[in-house]
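Worksheet for the structure shown next.
In listed order, ligands and their atoms are each counted from 1. In this chain, numbering begins with 1 at the start of the sequence shown.
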Amino acid sequence: MQNLFDLSLEELKAWFVRQGEPAFRAKQVYDYIYKGCYEVEAMKTLNASARMKLQENFTIALPRIVEKRMSKDGTVKMLLGLEDGNIIETVIMKYHYGYSVCVSCQIGCKMGCSFCASTKGGMVRNLTAGEILGQVLAAGQLVGERISHVVCMGSGEPLDNFEEVMKFLALVNAKEGLNLSHRNITVSTCGLVDKIYELADKKLQITLAISLHAVTDESRKKIMPIANKYSIHEILNSVKYYMNATGRRVTFEYALVRGSNDTEADAHALADLLRSLKTHVNLIPVNTIKEMLYLPSSDESITRFQKILLDHGVEATVRREMGSDIDAACGQLRRSYLEKI
Ligand code: SF4
């Protein structure tokens with residue numbers, strides 16, 4: 001059976017019409033499920049035949065919380081169980097402007113980035129749009145407040161699950177649903193150039209974030225296998241196209257690893273790459289992950305690196321990984337959990 005959260009209002013209307021029911025039933029159902037009513041029997045404004053047809057054809061499946069951990073900084077990491085028994089992870093972060101949820105778009109990941117726990121067991125499957133949306137809904141229920149921002153930066157490469165992620169972006173933005181502005185949504189990619197062009201042509205007002213993490217193709221190939229397919233030059237060309245097509249700024253993520261990519265020469269090279277773009281760099285001291293030997297850069301190196309970028313006119317901020325005391329980096333908690341069972 002299909003998950004009702006996978007359907008747009010228009011799809012649900014069309015389904016009701018095919019069932020010989022009026023299209024407005026769809027809006028009635030939407031009102032119920034987005035207000036947290038998941039029992040078809042409780043949908044009293046529907047007639048008995050519409051309720052029966054719904055029950056026969058759909059599940060209303062929100063992921064269930066299998067485990068949750070709260071960090072000292074207020075970050076909450078949830079392990080969520082899906083209907084087929086798979087486990088995904090979702091992180092809720094509290095900022096001064098509200099709650100932001102970091103959602104997974106795939107179960108595992110096939111991109112093979114060497115610093116990432118999500119990819120260690122390979123990719124299991126893509127998530128559906130409804131399963132990605134379900135993470136936002138589950139997070140909202142847990143904190144008891146509206147979620148104001150979403151980042152697609154959890155497990156998986158969002159642009160490798162392009163169709164479902166595009167559908168999720170439409171669902172989460174729908175005014176009859178969560179009505180979340182695209183400007184409050186960030187989609188991250190390790191640099192799938194062909195998909196960046198495709199995304200640009202959709203002209204969405206989301207923020208695109210590129211995980212760069214290295215300043216030469218050779219050094220990038222050592223940590224990100226996708227660099228064997230697309231060069232940094234090709235990524236930057238696609239980013240320029242994206243910025244022109246959407247009018248949106250693109251951010252670059254750069255995880256600082258001690259003694260690896262955090263030298264003054266690296267900072268100068270990064271500034272040279274990005275100076276001509278109106279962009280923003282997030283410098284992220286890596287979390288120590290037990291399968292990997294990476295160590296975060298020293299505070300002194302981080303400050304020096306940031307200063308070089310700023311001196312060259314490249315906006316840069318340091319983003320501390322939130323929830324590092326609860327395995328909050330991408331894929332860590334899920335991996336710890338799977339190792340235990
Ligand atoms: S960093 Fe992102 S793209 Fe790379 S392996 Fe992890 S989840 Fe996949």
Side-chain angles (χ1 to χ4, degrees), residues 77-80 86-91 101-127 131-132 135 150-162 164-165 168 185-196 198-199 206-214 217 219-232 234-235 238-239 250-257 260-261 281-294 296 319 321-324 327-338:
K77 180 102 176 187
M78 300 185 290
L79 281 181
L80 298 175
N86 272 303
I87 299 286
I88 53 171
E89 59 180 48
T90 305
V91 182
V101 177
C102 178
V103 295
S104 294
C105 293
Q106 296 177 315
I107 302 169
C109 184
K110 64 177 186 235
M111 293 297 149
C113 303
S114 65
F115 48 82
C116 174
S118 290
T119 196
K120 296 297 160 196
M123 202 204 32
V124 180
R125 69 169 172 85
N126 282 324
L127 294 180
E131 287 171 331
I132 304 171
Q135 297 170 63
V150 171
V151 289
C152 297
M153 265 190 201
S155 296
E157 160 57 54
L159 299 189
D160 188 44
N161 184 15
F162 196 81
E164 291 301 315
V165 169
F168 160 70
I185 299 176
T186 299
V187 172
S188 158
T189 178
C190 64
L192 302 190
V193 166
D194 53 341
K195 296 294 177 189
I196 295 173
E198 211 175 320
L199 181 65
I206 58 166
T207 298
L208 180 66
I210 308 285
S211 299
L212 194 64
H213 306 317
D217 289 327
S219 52
R220 200 162 186 262
K221 281 175 193 170
K222 288 185 190 146
I223 55 171
M224 300 178 78
I226 192 68
N228 292 299
K229 186 163 182 195
Y230 298 114
S231 67
I232 292 175
E234 287 171 308
I235 292 175
S238 70
V239 164
V250 171
T251 64
F252 285 82
E253 308 285 313
Y254 193 93
L256 288 162
V257 182
S260 168
N261 64 355
V281 179
N282 279 322
L283 298 171
I284 313 154
V286 288
N287 273 344
T288 306
I289 297 175
K290 77 171 183 291
E291 294 89 347
M292 296 151 235
L293 299 173
Y294 299 142
R319 195 184 74 206
E321 289 270 23
M322 295 179 79
S324 56
D327 283 351
C330 178
Q332 273 179 283
L333 184 59
R334 173 174 174 266
R335 190 152 173 83
S336 312
Y337 178 84
L338 294 178

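Shown in contact with Met111 at under 4.0 Å from a heavy atom are these atoms of ligand 1, numbered in order with element: 3 (S), 8 (Fe). Every atom of ligand 1 is numbered from 1 in the order shown, and the set under 4.0 Å from a heavy atom of Thr119 is 5 (S). Residue-ligand proximity, Cys116 to ligand 1, at heavy-atom distances under 4.0 Å covers atoms 1 (S), 5 (S), 6 (Fe), 7 (S).
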Inset, instruction - List the steps, then state whether side-chain contact (heavy atoms from CB on, under 4.5 Å) holds for Leu199 with Thr189. - result: CA-CA 11 Å; Leu199 181 65; Thr189 178; over 6 Å; no
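Heavy-atom separations between Gly156 and ligand 1 include at least one value shorter than 4.0 Å.
With Met153 as the fixed residue, the side chain to side chain contact (heavy atoms under 4.5 Å, CB included) test singles out one of Val103, Val187, Thr186, Val91: Thr186.
His213 and Phe115 have perpendicular rings, their planes meeting at more than 60° on a 0 to 90° scale where under 30° would count as parallel.
Under a 3.5 Å cut-off, the side chain of Glu157 and the backbone N or O of Cys190 do form a donor-acceptor pair.
Between Ile235 and Arg220 the shortest side-chain heavy-atom distance falls below 4.5 Å.
Contact annotation: for Cys109 versus ligand 1, heavy atoms closer than 4.0 Å belong to the side chain alone.
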